[in-house]
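These notes concern the structure reproduced below.
Every value quoted in this text rests on a predicted model; they were computed, and no experiment measured them.
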Amino acid sequence: MSFKSIEDIIKYAIEKEAEAVKFYTDAGKQEKYSAARKTFESFADEEKKHKAMLENLDPKNVAGFKPAGIADLKRSDYMVDIAYKAGMSYPDILRLAMKREEKAKKFYDDCAGRVDAGGHKKLFQMLSQEEAKHKLALETLYDNIMAKGGD
Amino acid sequence: MSDEKPTKGRQETKPKKPKIPRQPMPEQDPHQRAKNFSSVTLGYKLEHAVTEASRCLQCKKPFCITGCPVSINIPKFIKLIQEKEFLKAVQAIKETNLLPAVCGRVCPQEDQCEKVCVVGKKGEPVAIGRLERFVADYEAEHGEVPLPELPPKTGKKVAVVGAGPGGLTVAGDLIRRGHDVTIFEALHKAGGVLVYGIPEFRLPKAIVGREVKYLQRLGVDLRLNHVIGKIRTIDQLMKEDGYDAVFIGSGAGLPWFMGIPGENLNGVYSANEYLTRNNLMKAFEFPVYDTPIKKFKNVAVIGGGNVAMDSVRTALRLGADNAYIVYRRSRTEMPARKEEVDHAEHEGVQFKNLTAPVRVIGNEQGWVTGLECLKMELGEPDASGRRRPVPIKGSEFTLPMDAVIIAIGTSANPLIAQTTPDLKLNKKGYIEVENETTCRTSKKGVFAGGDIVTGSATVILAMGAGRNAAKAIQQYLQTGEWWKPNGNQ
């Protein structure tokens with residue numbers, strides 16, 4: 001995949017967020033129980049916020065981006081992929097979402113590693129950092145639940 | 001039972017350093033007991049019990065009662081032990097707790113009644129749990145327990161789904177209020193987690209059987225092998241079978257897994273399966289009982305809760321040379337009771353704390369041969385102040401292993417929810433109730449309590465929920481009043 005401009009990268013990132021919104025919205029529609037439906041709807045709403053953030057991103061601000069250290073619990077990194085299935089348990093729903101954030105982060109890290117220093121690199125780092133924040137939020141939620149169970 | 005709120009207990013009963021030390025619990029030798037399934041702790045002798053009871057200060061406003069989820073009148077029963085009125089002491093407990101022999105063995109007293117015992121301010125608290133067990137065992141050794149006088153029949157019928165600690169408590173409370181009570185139990189034995197989960201060496205099954213028999217003598221109709229959601233639905237119980245109210249106490253028996261590679265290899269068990277084979281199906285007595293279980297030499301149990309401790313100690317007793325606890329956090333974070341962790345350690349269990357499994361390794365035949373792990377360290381405190389474990393880069397190592405038992409939690413079995421469309425669940429899949437006092441679900445006449453509402457917790461908390469539900473059911477049967485849940489399923 002090649003990107004010619006910062007605008008191209010932002011456009012791609014927006015499309016990915018839109019795809020995530022659709023994924024969670026569709027999953028929610030397949031759920032029989034309101035609780036699971038609401039969980040997926042809340043994930044879709046979160047992705048909508050990410051999409052809006054990107055839509056409002058001024059490319060001129062990218063140059064000033066400084067990476068902040070986001071903690072990585074690496075809970076999902078050692079897990080196998082899991083496909084969506086209607087009626088899946090809450091921990092599995094979280095696992096599914098964590099895995100998606102992990103892949104998105106890896107993708108942007110990979111892109112940042114392939115370009116020279118400059119605006120493109122900064123933007124990829126910025127996007128990776130956003131995904132890292134989402135991953136951390138989900139992994140923290142998952143870790144809290146699992147800790148109670150004795151994990 | 002006391003409804004007093006002992007706000008001044010500490011001030012009115014000034015703690016003094018106890019002159020008599022807490023009486024130790026006699027136990028089997030750790031090396032000997034690690035090879036058998038007999039009870040680890042042997043129970044107080046009469047003289048131990050009386051001496052221990054003499055340590056109680058008989059606080060005027062006792063904290064211990066409020067520390068107990070079922071509000072046992074603890075000072076009253078301990079005073080009766082001081083007076084050597086042991087049968088009266090157990091009757092005092094049974095006013096609020098039908099399962100004292102069980103609770104005396106498995107309750108986490110150190111986090112409940114004993115935690116707030118005034119004697120514990122200046123020394124070790126009174127051994128309330130050990131005394132509870134003593135009088136319950138004394139009663140069992142001294143003939144059949146007399147039945148209380150029951151009120152006239154009300155003509156109301158209550159169905160209880162699940163014969164675990166919550167269901168048994170509801171049944172006991174409501175039969176004593178004159179209602180007809182039927183328990184529907186999915187398994188072939190009553191007791192729920194008490195029979196399938198907790199091993200014989202911690203809770204002899206004869207004790208559970210004795211408590212269940214007592215309920216049957218009171219008139220509770222126990223129907224085994226009845227899977228509600230398959231044989232009958234909740235709606236059928238209410239509309240066709242004439243039950244006026246239903247209590248759902250079906251527990252949380254659906255195991256969680258780690259999601260790491262190799263989890264479907266032969267030799268990987270959920271703790272539920274492993275313990276059920278041994279405890280309910282008596283695999284440890286094969287061939288007397290026709291339940292097979294492979295006897296593994298190197299066994300890793302994943303998790304740090306009581307279920308993990310039960311599993312690893314079972315593995316030792318089945319002949320494992322190396323039985324490990326593999327736990328991603330430090331010992332401080334272990335949710336298991338300290339007593340159970342200490343017992344496991346004394347018996348020879350090896351603890352791999354701050355260690356996370358990342359892959360189960362297998363051979364060409366599909367059997368487990370190893371467990372790849374990572375060393376962990378506690379990271380910086382997060383916004384909640386909690387230090388979470390994070391992997392140490394490059395710290396991978398492999399333990400040779402024949403079996404891996406996963407004990408990292410459970411969720412609710414979805415069967416009842418799937419067959420009861422108007423029963424509202426929370427996002428974790430547990431039944432949503434108005435609150436833990438009324439236990440009223442979104443469906444009129446249906447109550448729920450215990451692990452099916454809270455997720456995996458303790459026996460005594462399930463019993464506390466059962467006690468609350470019984471009160472709420474009684475009120476509902478008398479008034480017919482219900483609440484208006486928000487939202488729809």
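Both the backbone and the side chain of Ile145(A) come within less than 4.5 Å of a heavy atom in chain B. With a 4.5 angstrom heavy-atom cutoff, Gln418(B) touches chain A via backbone and side-chain atoms both. Both the backbone and the side chain of Leu73(A) come within less than 4.5 Å of a heavy atom in chain B. Within the 4.5 angstrom heavy-atom criterion, no atom of Ala308(B) approaches chain A. For Ile406(B), no part lies under 4.5 angstrom from a heavy atom of chain A. Using a 4.5 Å cut-off between heavy atoms, Met258(B) touches chain A through its backbone atoms (N, CA, C, O) alone. With a 4.5 Å cut-off on non-hydrogen atoms, Ala417(B) touches chain A through its backbone and its side chain both.
With respect to Asp143(A), the salt bridge (Lys or Arg N to Asp or Glu O under 4.0 Å) criterion is satisfied by exactly one of Arg328(B), Arg387(B), Arg329(B): Arg329(B).
Residue Lys148(A) qualifies as open at atom NZ: its count of foreign heavy atoms under 6.0 Å is 12 or below. No more than 12 heavy atoms of other residues, nucleotides or ligands shown are found within 6.0 angstrom of NZ on Lys427(B). No more than 12 heavy atoms of other residues, nucleotides or ligands shown are found within 6.0 angstrom of CD on Glu436(B). Within a 6.0 Å sphere centred on NZ of Lys99(A), other residues, nucleotides and ligands contribute more than 12 heavy atoms.
Note: Ile260(B) CD1 to Asp77(A) CG = 13.5 Å, rounded to the nearest 0.5 Å. Atoms CE and CZ, on Met79(A) and Phe257(B) in that order, are 13.5 Å from each other to the nearest 0.5 Å. A distance of 12.5 Å separates NZ in Lys428(B) from OG in Ser89(A), rounded to the nearest 0.5 Å. Between the CG atom in Leu423(B) and the OH atom in Tyr33(A) there is a gap of 8.5 Å [rounded to 0.5 Å]. Distance check: Glu372(B) CD to Tyr78(A) OH gives 9.0 Å after rounding to the nearest 0.5 Å. How far OH of Tyr327(B) is from CG of Asp151(A): 8.0 Å, rounded to the nearest 0.5 Å.
Heavy-atom pairs under 4.5 Å with chain A peak, among Leu374(B), Asp382(B), Val326(B), at Leu374(B). Counting heavy-atom pairs closer than 4.5 Å to chain B, the top residue among Ala36(A), Ser76(A), Ala147(A) is Ala147(A).
By the 4.5 Å heavy-atom criterion applied to side chains, Trp256(B) and Met146(A) are counted as neighbours. Annotation: side chain of Thr140(A) is not in contact with side chain of Arg386(B) (no heavy-atom distance under 4.5 Å). Side-chain atoms of Asn144(A) and Arg388(B), non-hydrogen and from C-beta on, do get closer than 4.5 Å to each other.
Of all heavy-atom pairs spanning Pro335(B) and Gly150(A), the tightest one is CG-CA, 3.7 Å.
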